[in-house]
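Inspection log for the structure reproduced underneath, given as structure tokens.
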Amino acid sequence: MTDDTLSEPIAFDDPILAARIAKHRDALRAGGYPYRFDRSDLASDLHERFGDSDPGSETGVDVTVAGRLMNVRDMGRLAFGVLQDVSGRIQLFVSKAVLGDEGFARFLDLDSGDWIGATGEVMVTKKGELSVRVSSFVLLSKALRPLPDKWHGLKDVEARSRQRYVDLMVNAESRKTALTRAKVVSELRRQFEDRGFIEFETPVLLSQATGAVARPFETHHNALDLDLSLRIATELFLKRLVIGGIERVFEIGRIFRNEGVDATHNPEFTMLEAYQALADYGDIMELVEEVLAAVAVAAVGTSTLTYQGRMLDLTPPFRRVRLVDLVAEVVDEDVSLDTSIVRLRALADRYGVEADPSWGPGRVMFEIYEAAAESTIWEPTFVTDYPKEVSPLARLHRDDPRLTERFELVIAGSEYANAFSELNDPFDQRERFEVQAAARAAGDDEAHPIDEDYIRALEYGLPPTGGLGIGVDRLVMLLTDCKHIREVILFPTMRPEAASPPVVGSR
RNA sequence: GGGCCUGUAGCUCCAAUGGCAGAGCAGCGGACUUUUAAUCCGAAGCGUGUGGGUUCGAGUCCCACCAGGCCCA
């Protein structure tokens with residue numbers, strides 16, 4: 001490949017690219033690039049160790065740093081470089097007196113974006129900027145493309161999503177969001193593990209996608225000549241594990257739903273599901289409160305946030321309100337599941353919900369909640385006791401068989417968690433599946449299919465179990481104050497680019 | 001799926017009513033030994049997402065398509 005690159009007779013009409021490619025070829029002719037490099041300190045290490053040194057001071061300490069050269073300020077016989085590594089930035093103090101004419105010229109020949117390694121004494125400039133006075137440096141890798149505007153960076157949301165690598169190198173906010181996401185996932189995992197939950201990986205490819213009400217992606221296995229779907233939830237497999245006797249299980253995994261893309265939806269997203277034997281949904285509420293507060297503190301340092309310009313307190317305990325009571329409160333009418341269906345439909349109509357004739361009171365109530373009540377919630381709120389009609393996997397409420405022991409955690413108008421006392425009666429589960437299957441037969445392709453093996457599993461006995469799902473992407477959005485899911489998914493789903501050839505052609 | 005909007009130099013953005021397409025940064029040449037978006041001087045660089053159309057003349061108007069954004073379903 002090296003020889004090819006050297007001999008390749010391509011004429012690059014962009015002078016910026018042409019100049020950089022020429023330098024790249026020079027570097028190859030001069031012996032090529034290093035395969036490895038020993039760095040002594042990260043930028044952040046130096047700021048930590050020497051950050052409070054006085055302006056003009058010499059430390060007498062030699063270090064070796066490495067990173068991407070972001071900017072060079074040439075002063076004639078002196079130059080300043082900005083080196084960025086994974087931890088932050090450190091200034092390079094480069095003088096002709098130290099490097100000599102040839103070395104100094106070689107430094108000025110570098111381009112912004114190049115990866116370099118540099119060795120020198122740690123010092124502080126007269127203006128107080130901690131720097132490395134470069135005594136030697138090496139080009140580690142050439143950037144053939146220029147960096148975006150050093151001040152404005154890369155703003156175009158499409159370009160930032162498609163070329164996340166550029167976004168990350170120039171936009172500190174994007175790096176911070178990405179790193180916060182990693183912390184959130186890591187802390188979630190730690191929180192569940194600390195409570196005795198064990199993490200498993202359940203199948204993605206399924207002959208039947210179950211565990212949620214959603215449309216799956218379809219694919220095909222050639223060797224088995226088998227149509228398969230990508231999973232839309234991990235729910236039923238994790239509960240199979242509980243049936244198998246692994247009493248506390250969880251999975252943080254990618255879920256795929258064949259839906260549109262908008263500010264809060266990406267076709268592939270990350271969900272945490274957890275199941276705890278011998279627990280009910282009340283136990284899960286306490287678990288969620290503790291875990292979310294802990295994750296917030298670990299990821300952003302506090303459970304008292306600002307989201308979209310407004311204060312938001314994730315400190316437990318969260319408000320708890322029954323769904324039907326919340327609806328009554330919001331519509332300011334004394335409605336309940338005992339209210340006549342005619343009156344409920346009229347109410348639904350008031351909020352723009354076109355009630356289907358097949359809907360019972362529970363479904364109508366739920367739709368009114370979604371249309372009128374959910375978005376009014378700001379502070380973390382457990383909305384509890386969802387109608388049976390809209391909760392095919394949740395256990396009947398111990399006090400009212402028209403309801404289930406289910407809650408959703410709603411924050412700032414959106415759902416962050418969905419949980420139940422799990423339905424563990426195989427007879428009841430079959431009936432719920434039959435209802436869903438009927439809806440499916442009637443044309444609702446999002447309705448839940450019957451999972452016969454899951455019923456068989458239930459026949460062996462699922463203990464009383466509390467289960468939980470948390471939308472990880474949305475949680476990250478909340479904690480990083482992002483209003484669009486693409487900001488927290490590094491490589492969001494997009495249509496392919498029409499044509500964006502790399503400068504290095506395929507020939 | 002519907003409505004509205006956007007696409008101009010590597011990046012960030014200007015260009016009344018259609019009338020010779022501009023700036024800043026980056027890059028190039030030059031000056032400068034303490035800069036912090038360095039500064040100063042100089043010379044360049046785009047024919048406007050793609051394809052049609054209207055017009056003497058289109059970045060600007062019309063149609064289709066591509067990609068994206070916002071709102072609604």
Side-chain angles (χ1 to χ4, degrees), chain A residues 12-23 43 47 53-58 68-84 88-101 104-105 107-114 120 123-134 142-163 165-167 169-172 215 258-266 351-354 356 367 370-371 375 446 483-487 492-503:
Chain A
F12 295 97
D13 48 6
D14 183 322
I16 295 177
L17 295 179
R20 286 171 178 244
I21 289 168
K23 291 176 187 175
H47 286 290
S53 305
D54 295 326
S57 53
E58 310 282 331
R68 191 185 291 279
L69 187 64
M70 301 304 290
N71 186 19
V72 174
R73 296 182 285 274
D74 171 17
M75 310 292 297
R77 278 184 273 178
L78 193 63
F80 299 91
V82 177
L83 192 74
Q84 174 172 289
R89 293 181 168 197
I90 184 73
Q91 177 165 273
L92 302 179
F93 182 99
V94 186
S95 89
K96 192 179 271 190
V98 174
L99 280 183
D101 288 359
F104 191 72
F107 186 85
L108 292 182
D109 206 35
L110 294 170
D111 292 300
S112 67
D114 288 353
M123 46 84 74
V124 183
T125 63
K126 291 177 190 167
K127 293 289 177 63
E129 182 76 23
L130 187 68
S131 309
V132 172
R133 182 190 286 113
V134 176
K142 188 73 193 166
L144 301 184
R145 291 176 179 270
L147 294 175
D149 190 290
K150 67 186 172 193
W151 182 245
H152 298 99
L154 185 66
K155 286 183 168 177
D156 180 78
V157 293
E158 183 178 353
R160 289 181 48 223
S161 298
R162 287 195 195 278
Q163 295 183 265
Y165 38 90
V166 180
D167 182 38
M169 69 182 85
V170 299
N171 292 325
R215 186 176 295 114
N258 205 338
E259 299 165 346
V261 175
D262 64 25
T264 55
H265 296 86
N266 195 66
Y351 292 97
V353 176
E354 210 173 305
D356 188 276
E367 297 287 345
E370 287 217 314
S375 64
E446 288 196 348
K483 62 173 188 256
H484 204 295
I485 198 169
R486 68 167 167 252
E487 301 296 324
T493 305
M494 299 181 87
R495 287 196 165 92
E497 281 176 281
S500 65
V503 295

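So you know, we letter chains A, B, ... as the sequences are listed, proteins then strands, and number each from 1. If you're wondering where the values come from, they're calculated on a predicted model, not measured in any experiment.
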Q.
With a 4.5 Å cut-off on side-chain heavy atoms, are A/R89 and A/M70 touching?
A. yes

Q: Could you check which of B/rG10, B/rU36, B/rC11 has an atom nearest any side-chain atom of A/E129?
A: B/rU36

Q.
On RNA chain B, does the nearest nucleotide to A/F80 precede the nearest nucleotide to A/A159 from the 5' side, or the other way round? Give the residue.
A. A/A159

Q.
Checking one value: the base orientation of B/rA16, syn if chi is within 90 degrees of 0, otherwise anti.
A. syn

Q.
What's A/R89 touching, base or sugar-phosphate or nothing? Going by heavy atoms closer than 4.0 Å.
A. nothing

(Q) Is it the case that the side chain of A/D54 and the backbone of A/S57 share a donor-acceptor pair, with hydrogens and angles ignored and the cut-off at 3.5 Å? (A) no

Q.
Pairing donors with acceptors under 3.5 angstrom, does anything connect the side chains of A/R73 and A/Q91?
A. yes

Protein-nucleotides 37-40 of chain B N/O pairs closer than 3.5 Å?
residue, atom, partner, partner atom, Å
B/rA37, O3', A/K150, NZ, 3.3
B/rA38, OP1, A/N71, ND2, 3.2
B/rA38, OP1, A/K150, NZ, 2.2
B/rA38, OP2, A/N71, ND2, 2.3
B/rA38, OP2, A/R73, NH1, 2.9
B/rA38, N6, A/D74, O, 3.1

Give each protein N/O atom lying under 3.5 Å from an N/O atom of nucleotides 69-73 of chain B, with the pair distance.
residue, atom, partner, partner atom, Å
B/rG69, OP1, A/R486, NH1, 2.9
B/rC70, OP1, A/R486, NH2, 3.4

Q: Round to a whole Å and report the spacing from CD of A/E259 to P of B/rG1.
A: 15 Å

Q: Could you tell me which non-hydrogen atom of A/L144 sits nearest to which non-hydrogen atom of A/R20, and how far apart they are?
A: O-CD, 3.1 Å

Q. If every non-hydrogen atom of A/T264 is compared with every non-hydrogen atom of A/I485, which pair is closest and at what distance?
A. O-CD1, 3.7 Å

Q. If the P atom of B/rG47 is compared with that of B/rU36, how far apart are they to the nearest Å?
A. 35 Å

Q.
For B/rC65, give the paired nucleotide (Watson-Crick: N1-N3 plus N6-O4 or O6-N4; G-U: N1-O2 and O6-N3; both under 3.5 Å), or none.
A. B/rG49

Q. Within this structure, what is the CD-to-P distance between A/E497 and B/rG7, rounded to whole angstrom?
A. 18 Å

Q: To the nearest Å, give me how far apart CZ (A/R160) and P (B/rC11) are.
A: 15 Å

**Q.** Nucleotide B/rC46, atom C1' - distance to CD1 of A/I16 in whole Å
**A.** 12 Å

Q) What does B/rC70 pair with, Watson-Crick or G-U, if both distances are under 3.5 Å? A) B/rG3

Q | Rounded distance in Å - NZ (A/K155) to C1' (B/rG7) | A | 16 Å

Q: Rounded to whole angstrom, note down the C1' distance from B/rA15 over to B/rU60.
A: 10 Å

Q) In whole Å, what separates the P atom of B/rG59 from that of B/rC66? A) 24 Å

Q) Is there a Watson-Crick or G-U wobble partner for B/rU36 with both distances under 3.5 Å, and if so, which one is it? A) none

Q.
Please determine whether a side-chain nitrogen of the Lys or Arg among A/D111 and A/K142 lies less than 4.0 Å from a carboxylate oxygen of the Asp or Glu.
A. yes

Q: Using whole Å, report how far CE of A/M123 lies from C1' of B/rU33.
A: 11 Å

Q: Could you measure between the two C1' atoms, the one in B/rA31 and the one in B/rG7, and give it in whole Å?
A: 40 Å

Q. Expressed in whole Å, how much space separates the C1' atoms belonging to B/rC32 and B/rA38?
A. 11 Å

Q | Interatomic distance at P, B/rU50 relative to B/rU33, whole Å | A | 47 Å

**Q.** A/N266 side chain to A/P492 backbone, donor-acceptor under 3.5 Å
**A.** no

Q.
Restricting to salt bridge (charged side-chain N to carboxylate O under 4.0 Å, His left out), what partner residues turn up for A/R68, sequence neighbours left out?
A. none

Q.
Any base atoms under 4.0 Å from A/G56, or only sugar-phosphate, or nothing? Heavy atoms, all strands.
A. nothing

Q. Considering only the P atoms, how many Å lie between B/rG22 and B/rU39, rounded to the nearest integer?
A. 25 Å

Q.
Rounded to whole Å, please give me the gap between CG in A/D111 and P in B/rG10.
A. 16 Å

Q. Do the side-chain N or O atoms of A/R162 get closer than 4.0 angstrom to the phosphate oxygens (OP1, OP2) of B/rA67?
A. no

**Q.** Test item: A/H47 side-chain N/O and A/I90 main-chain N/O as donor-acceptor pair under 3.5 Å
**A.** no

Q) Separation of A/L108 atom CG from B/rA31 atom P, in whole Å? A) 12 Å

Q: Would you mind telling me which residue lines up with the more 5' stretch of RNA chain B, A/R133 or A/P148, judged by nearest nucleotide?
A: A/P148

Q.
Please confirm whether the shortest side-chain N or O distance from A/R495 to OP1 or OP2 of B/rC66 is below 4.0 Å.
A. no

Q. Is there a Watson-Crick or G-U wobble partner for B/rA23 with both distances under 3.5 Å, and which nucleotide is it?
A. B/rU12

(Q) If I pick the P atom on B/rU54 and the same atom on B/rG2, what distance separates them, to the nearest angstrom? (A) 28 Å

Q. If we call it a pair only when both distances are under 3.5 Å in a Watson-Crick or G-U wobble match, what pairs with B/rU60?
A. none

Q. Is A/S95 touching bases, backbone alone, or none of the nucleic acid, heavy atoms closer than 4.0 Å?
A. nothing

Q. What pair of heavy atoms forms the shortest contact from A/V94 to A/L99, and how long is it?
A. CG1-CD1, 3.4 Å

Q) For the residue pair A/R160 and A/K155, what are the closest heavy atoms and their distance? A) CD-O, 3.5 Å

Q: Carefully, step by step, assess A/R145 and A/Q163 under the rule side-chain hydrogen bond (donor to acceptor under 3.5 Å, both in side chains).
A: CA-CA 13 Å; A/R145 291 176 179 270; A/Q163 295 183 265; over 6 Å; no

